[in-house]
Amino acid sequence: MLDFKGKFAAVLPAGGLGKRMGGNIPKQLMVLGGKPVYRYSLETFLSMEEIAEVVMAVPADWKDHFEKEIFGQSPSELDALITNKLKIVVGGAERWQSVENGVNALTSGAEYVLVHDVARPFISKEIILDVCKTLVEKGSCLVAKPAVDTIKIAKDSCVQQTIDRNTVWMAQTPQAASIALLKKLYGRIAAEPLNFTPTDEASILEYFGERVYIVKGNNLNDKLTTPEDFEIFANRAH
């Protein structure tokens, strides 16, 4: 049995304003099943002994709010974990820059980092452990679920091509790599900026020729994006 204790850190990007959700607060602060959306995944990662440190990247205008809500009113059973394992930093203009800020704030000495969107509140410990195992045994990886619908490529609302859905996976998080590797790639981006905006860590790794393995996810790990999603997720929380 591999000893994973303390080998991993987690960066939780919570910097988005959730414009597709609507409302006047970031979607990660909306109350779902009695607690804010971000709290679900945060508590999951904090509770795992494999995770040495958690950094959450939040919108600059909301940093004080997060700090007061988390450090001032945390549940008693998580007080010690929050004090010892959690750090809050300001996110960047783009998601990948929020993750970069989080990675650069890591200080625990962990070897690997798992990046997970707090808008995926129902991540399971089993999937997290599968990611850890894949990282150690194979290398960089992401959680994804196989496509179940027929996939069409379209242009100007007209179908151009049908893709074999057996080759298509829907990307989720965590997405994970060694901390040293990500820092090296961020350095390369600083020296020669990308000509596209990465929407996840895997796209950065792929761009630089790194192999990215798949860890199978599930529907429970879907992302909260629209008001319709919120109703579905609220039922899952009860």
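What's counted below: heavy atoms across the whole structure, side chains too, no hydrogens, waters or symmetry copies. Owing to the predicted nature of the structure, the values given are computational and were not obtained by experimental measurement.
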Just to verify, what does [X] make a side chain to side chain contact (heavy atoms under 4.5 Å, CB included) with, not counting sequence neighbours?
X: Pro36; value: Tyr38, Arg39, Glu69
X: Asn104; value: Glu100, Lys183
X: Ser98; value: Ala57
X: Tyr207; value: Leu194, Asn195, Phe196

- Item | Asn166: side chain to side chain donor-acceptor pair (under 3.5 Å) partners, not counting sequence neighbours |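 In terms of side chain to side chain donor-acceptor pair (under 3.5 Å), with neighbours along the sequence ignored, Asn166 is linked to Asp164.
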
Under 4.5 Å between any side-chain heavy atoms of [X] and [Y], yes or no?
X: Arg120; Y: Tyr40; value: no
X: Ile128; Y: Leu114; value: yes
X: Leu29; Y: Phe66; value: yes
X: Phe233; Y: Pro121; value: yes
X: Lys125; Y: Thr44; value: yes
X: Asp200; Y: Trp96; value: no
X: Met56; Y: Ile70; value: yes
X: Leu142; Y: Pro174; value: no

Hphob cluster co-occupancy, [X] + [Y], side-chain heavy atoms under 4.5 angstrom:
X: Ile179; Y: Val54; value: no
X: Leu42; Y: Phe8; value: yes
X: Leu12; Y: Leu135; value: yes
X: Val136; Y: Phe45; value: yes
X: Ile127; Y: Val212; value: no

To the nearest 0.5 Å, tell me how far [X] [atom1] sits from [Y] [atom2].
X: Glu67; Y: Leu86; atom1: CD; atom2: CG; result: 9.5 Å
X: Leu106; Y: Lys87; atom1: CG; atom2: NZ; result: 7.0 Å
X: Leu182; Y: Lys184; atom1: CG; atom2: NZ; result: 10.5 Å
X: Leu185; Y: Phe208; atom1: CG; atom2: CZ; result: 5.5 Å
X: Leu224; Y: Phe122; atom1: CG; atom2: CZ; result: 8.5 Å
X: Ile88; Y: Asp64; atom1: CD1; atom2: CG; result: 10.0 Å

- Step by step, work out the side-chain contact (heavy atoms from CB on, under 4.5 Å) result for Glu210 and Leu181. CA-CA 10 Å; Glu210 298 292 333; Leu181 173 59; 3.7 Å; yes

Minimum heavy-atom separation for [X] and [Y], please, with both atom names.
X: Pro13; Y: Val99; answer: CG-CG2, 4.1 Å
X: Ala144; Y: Ala171; answer: CB-CA, 4.1 Å
X: Thr162; Y: Lys152; answer: OG1-NZ, 2.9 Å
X: Gly102; Y: Val55; answer: CA-CG1, 3.7 Å
X: Asn101; Y: Gly92; answer: ND2-N, 3.7 Å
X: Tyr112; Y: Ser178; answer: CD2-CA, 3.8 Å

- Task: Test side-chain contact (heavy atoms from CB on, under 4.5 Å) on Cys141 and Val131 and set out the steps.
- Result: CA-CA 7 Å; Cys141 58; Val131 170; 3.8 Å; yes

- Gln97 side chain to Gly91 backbone, donor-acceptor under 3.5 Å: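 Pair absent, no side-chain N/O of Gln97 close to backbone of Gly91.
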
- Item | Exam field: side chain Asn221 to backbone Gly217, donor-acceptor pair closer than 3.5 Å |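 Checked: no pair found.
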
Output yes when [X] and [Y] qualify as a salt bridge under the 4.0 Å nitrogen-oxygen rule, no when they do not.
X: Glu192; Y: Arg188; value: no
X: Lys85; Y: Glu53; value: no
X: Asp130; Y: Lys133; value: no
X: Arg95; Y: Glu201; value: yes

- Query: After noting the C-alpha distance and the side-chain angles of Arg165 and Asp149, does the key distance pass the side-chain contact (heavy atoms from CB on, under 4.5 Å) rule?
  - Reply: CA-CA 7 Å; Arg165 68 183 178 194; Asp149 296 319; 5.7 Å; no

- Message: Tell me every residue that passes ring pair (Phe, Tyr, Trp, His ring centres under 6.0 Å) with Tyr186, counting only those two or more places apart in sequence or in another chain.
- Response: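 With neighbours one apart ignored, the set is empty.
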
- Item | His116 vs Ser41, side chain to side chain donor-acceptor pair (under 3.5 Å): CA-CA, chis, key distance, verdict | CA-CA 8 Å; His116 182 71; Ser41 51; 4.6 Å; no

- Task: If you link ILVMFWY side chains whenever their heavy atoms are less than 4.5 Å apart, which other residues fall into the same cluster as Met170? By chain and number, please.
- Result: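 Besides Met170, the hydrophobic cluster comprises Ile151, Ile153, Ile163, Val168, listed by chain and residue number.
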
- Query: With ILVMFWY side chains joined below 4.5 Å, transitively, what does Leu220's cluster contain besides itself?
  - Reply: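 The other cluster members (ILVMFWY side chains, heavy atoms under 4.5 Å, direct or chained): none.
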
Suppose we screen for salt bridge (Lys or Arg N to Asp or Glu O under 4.0 Å). Which residues come up paired with [X], at least two apart in sequence or across chains?
X: Glu206; value: none
X: Lys35; value: Glu43
X: Asp222; value: Lys145
X: Glu50; value: none

- Message: Is it the case that over 12 heavy atoms from other parts of the model lie below 6.0 angstrom from the CD atom of Glu231?
- Response: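 No, the 6.0 Å shell around CD holds no more than 12 heavy atoms from other groups.
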
- Item | Donor-acceptor pair between Thr173 and Gln175 side chains, under 3.5 angstrom |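 Side chains of Thr173 and Gln175: no pair found under 3.5 Å.
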
- Could you walk me through whether Val37 and Val118 pass the side-chain contact (heavy atoms from CB on, under 4.5 Å) check? CA-CA 7 Å; Val37 169; Val118 297; 5.6 Å; no

